[in-house]
Amino acid sequence: MISLSDLRQFKQQGRKFSCLTCYDASMAQVMERAEIDSILVGDSLGMVIQGHDSTLPVTVADMVYHTAAVRRGNRHAFLMTDLPFLSYANVNDTVANARAVMQAGAQMVKIEGGAWLAESIEVLTRNGVPVCVHLGLTPQSVHVFGGYKVQGKTRAAADQLIADCQAVVAAGAAILLLECVPAKLGKEIAEMFSDIPVIGIGAGADTDGQVLVVQDMLGLNLGHVARFVRNFMQEQSGANAIHDAFKAYHQAVQTAEFPAIEHTFQVEL
Ligand code: KIV
């Protein structure tokens, strides 16, 4: 089973790693066959599985249920699970909810935010729970942002995001995940932290890992398709198409062929 230290080692070796969201055992099994390095049981399940128009309705019980299913289907990938909306607003809730998803099989929890998470990150890390912090476009704050928009587009906004990264890393965050930020900012942050793997989604080609929502990369999302998505399924045919799409994604991430320029946000900072 891939561990956090393996992901750190991949970063040291310059070996890019693949990550996909996953919510069920059979898809998790196919991902294991395709040797996907890491899986995120994302609260995006509120949208792609439950049909809501945001991630806000997702509960801790939902995350526990899907984490356990994915872990049963896949013993290979490093498994991260989101703590959902307002389930980590204070330290007591954070600890109780992290316990629930870790006991369901997660190897790490992911929380959205910045410097204000420092106390929770410290407490979790001290108690054996590695933390990934999701920055940039954080979907649980969609109503604060007023929509799903690219973040860090000015030098001042980019510097604020970097300051948040520094604060959460100082508190003990072990992985950073950047969503929808200019490619140059993704590169700057990945280079700034030599021992912290940085995963990107719409953060350019220079982060250490890439993540996509599985429904997006299989072309199962019939609504708005974000710029950073590539449909790997479209490029396959035959009975093993899903496996082959995962394999093609894994290889494209490793060789840095994905994301290409057309999947990234090019902004002069
Ligand atoms: O919930 C999720 O799927 C995520 C990804 C978009 C990174 O947080």
Side-chain angles (χ1 to χ4, degrees), residues 7 17-24 27-28 31 36-60 62-67 69-70 77-88 97 101 106-114 117 131-142 145 147-152 161 165 168 173-181 186 189-190 197-204 207-218 220-221 223-230 249 253 258-259 263-265:
L7 298 184
F17 61 89
S18 54
C19 181
L20 285 172
T21 68
C22 187
Y23 320 100
D24 68 86
M27 202 68 99
M31 287 185 193
I36 294 298
D37 296 309
S38 56
I39 284 178
L40 170 66
V41 182
D43 60 356
S44 50
L45 69 86
M47 300 170 83
V48 298
I49 301 292
Q50 298 174 336
H52 298 295
D53 59 9
S54 79
T55 60
L56 273 55
V58 177
T59 65
V60 174
D62 293 333
M63 300 313 297
V64 166
Y65 174 88
H66 289 280
T67 299
V70 168
F78 182 73
L79 181 51
M80 299 177 272
T81 293
D82 269 330
L83 291 188
F85 182 60
L86 286 187
S87 67
Y88 50 97
N97 295 326
V101 298
Q107 289 163 273
M108 166 174 259
V109 300
K110 176 164 83 59
I111 53 182
E112 298 183 4
L117 296 171
V131 181
C132 170
V133 178
H134 183 155
L135 304 104
L137 171 56
T138 47
Q140 290 172 14
S141 301
V142 60
F145 294 136
Y148 297 98
K149 298 175 183 164
V150 181
Q151 302 295 309
L161 214 143
C165 290
V168 299
I175 293 188
L176 301 175
L177 188 148
L178 303 176
E179 177 165 355
C180 272
V181 298
I189 293 172
V198 177
I199 303 176
I201 176 165
T207 55
D208 308 301
Q210 296 290 332
V211 59
L212 284 175
V213 171
V214 67
Q215 277 76 5
D216 288 344
M217 60 87 72
L218 292 180
L220 298 175
N221 173 2
H224 169 72
V225 177
R227 177 186 174 92
F228 53 75
V229 172
R230 171 168 152 191
Y249 167 68
V253 169
F258 173 78
H263 304 119
T264 61
F265 302 102

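The residues of the chain are indexed from 1 along the displayed sequence. One-based numbering, in listed order, for ligands and for the atoms of each. What you see is a predicted model, and the numbers here were worked out from it, not measured in a lab.
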Exam field: side chain Asp43 to backbone Asp82, donor-acceptor pair closer than 3.5 Å: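 It does not hold such a pair.
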Side-chain donor or acceptor of Gln151 paired with backbone N/O of Val181 under 3.5 Å: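 Absent.
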Check: Tyr148 and Ser54 side chains under 4.5 Å, non-hydrogen atoms: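 Side-chain contact under 4.5 Å: yes.
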Heavy-atom side-chain contact between Leu218 and Met27 under 4.5 Å: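 Yes. Closest side-chain heavy atoms under 4.5 Å.
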When you pair each N or O of ligand 1 with protein N or O atoms, which pairs come out under 3.5 Å?
residue: ligand 1; atom: 1 (O); partner: Asp43; partner atom: N; Å: 3.1
residue: ligand 1; atom: 1 (O); partner: Asp43; partner atom: OD1; Å: 3.1
residue: ligand 1; atom: 1 (O); partner: Ser44; partner atom: N; Å: 3.0
residue: ligand 1; atom: 1 (O); partner: Ser44; partner atom: OG; Å: 3.3
residue: ligand 1; atom: 1 (O); partner: Asp82; partner atom: OD2; Å: 3.0
residue: ligand 1; atom: 3 (O); partner: Ser44; partner atom: OG; Å: 2.5
residue: ligand 1; atom: 8 (O); partner: Lys110; partner atom: NZ; Å: 2.9

Any side-chain donor near an acceptor of the partner, Ser44 and Thr21, under 3.5 Å: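 No pair is found: no donor N or O on one side chain lies under 3.5 Å from an acceptor on the other.
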Residues in side chain to side chain contact (heavy atoms under 4.5 Å, CB included) contact with Thr207, at least two apart in sequence or another chain: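 Per chain and number, Thr207 pairs via side chain to side chain contact (heavy atoms under 4.5 Å, CB included) with Val198, Ala203, Gln210.
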